[in-house]
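Report on the structure given below.
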Amino acid sequence: MKKLKMSSADMVAKAKARIEEVDTDAAIALVGDPDVVFVDLRDVRERQKLGFIPGSIHCPRGMIEFWVDPDSPYHKEVFSQEKRFIFHCAAGWRSALTVATLQDMGFEAAHLTDGFADWVEKGGPVEQKGLKQTALPDGC
C-alpha cells in the first residue's frame, strides 16, 4: 500500500495542538452544570453497550457539521445555545478531529482529552438506561 501523506495519528496530534482539551477530572466536576453540554460522538452501539455520561446528548460524528450549522436543514437547536460544549468519543481521537473541524467553522467547543474510556476508569458517572432521554431525534 502507498504511504499516506499524513497518518490518522498525525491528524489527531495536529488537532490536539490547536484545540481546547478538558482532562477527565475537570470534566467529571462539570457533570450537572447547566451551562455545559457533553456531546457523545460514539456510535449508538457503543453508547448502548458501555453507557454514557449523564445528561449527554448523542450526535453521530458524521452529522455534527450539519447539526451545528444554523443554515443546514439538519440543524439542532441545542447547538444554538450559549453553553460550553465538550465533545467526547471513546479515546479522544474522533472528538479531537471533530472539535478541530468545528473550530474551523467558527463553532467554539472543547473535547475530553482521553475519552470515555478514561472517564470510566476514573470513576466518572455513567448511565446505562439506553438512549431514550438523551438522544436527539431526526438526525441520521
Criterion side chain to side chain donor-acceptor pair (under 3.5 Å) on Glu21 and His111, from CA distance to verdict | CA-CA 5 Å; Glu21 296 191 289; His111 94 112; 2.9 Å; yes

Hey, could you give me each pair passing salt bridge (Lys or Arg N to Asp or Glu O under 4.0 Å) that has a residue in [range]? Not counting sequence neighbours.
| range | answer |
| --- | --- |
| residues 23-37 | none |
| residues 48-74 | none |
| residues 87-113 | Arg18-Asp104, Glu46-Arg94 |

Which residues pass the salt bridge (charged side-chain N to carboxylate O under 4.0 Å, His left out) test with Asp10, sequence neighbours left out?
->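 Per chain and number, Asp10 pairs via salt bridge (charged side-chain N to carboxylate O under 4.0 Å, His left out) with no residue.
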
Check: Phe87 ring centroid to Phe38 ring centroid under 6.0 Å =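 That pair fails the under 6.0 Å test.
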
Test salt bridge (Lys or Arg N to Asp or Glu O under 4.0 Å) applied to Arg47 and Glu127, step by step | CA-CA 9 Å; Arg47 278 178 64 93; Glu127 282 192 35; over 6 Å; no

Under the side chain to side chain donor-acceptor pair (under 3.5 Å) rule, what do Ser80 and His75 come out as? Steps first, then yes or no, please.
-> CA-CA 9 Å; Ser80 292; His75 175 68; 2.7 Å; yes

Is the backbone N or O of Leu50 less than 3.5 Å from a side-chain atom of Gln128, with the two atoms forming a donor-acceptor pair by type?
-> yes

Donor-acceptor pair, His88 side chain versus Ile53 backbone, under 3.5 Å?
->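 No, His88 side chain to Ile53 backbone: no donor-acceptor pair under 3.5 Å.
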
Taking all non-hydrogen atoms of both residues into account, name the closest pair between Cys89 and Gly92 and its distance.
->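 The answer is SG-N, 3.1 Å.
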
Which pairs pass ring-ring contact (aromatic ring centres under 6.0 Å, His included) with one or both residues in residues 9-36, sequence neighbours excluded?
-> none

Excluding sequence neighbours, so at least two apart, what forms side-chain hydrogen bond (donor to acceptor under 3.5 Å, both in side chains) with Lys122?
->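 Listed in chain order: Asp118.
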
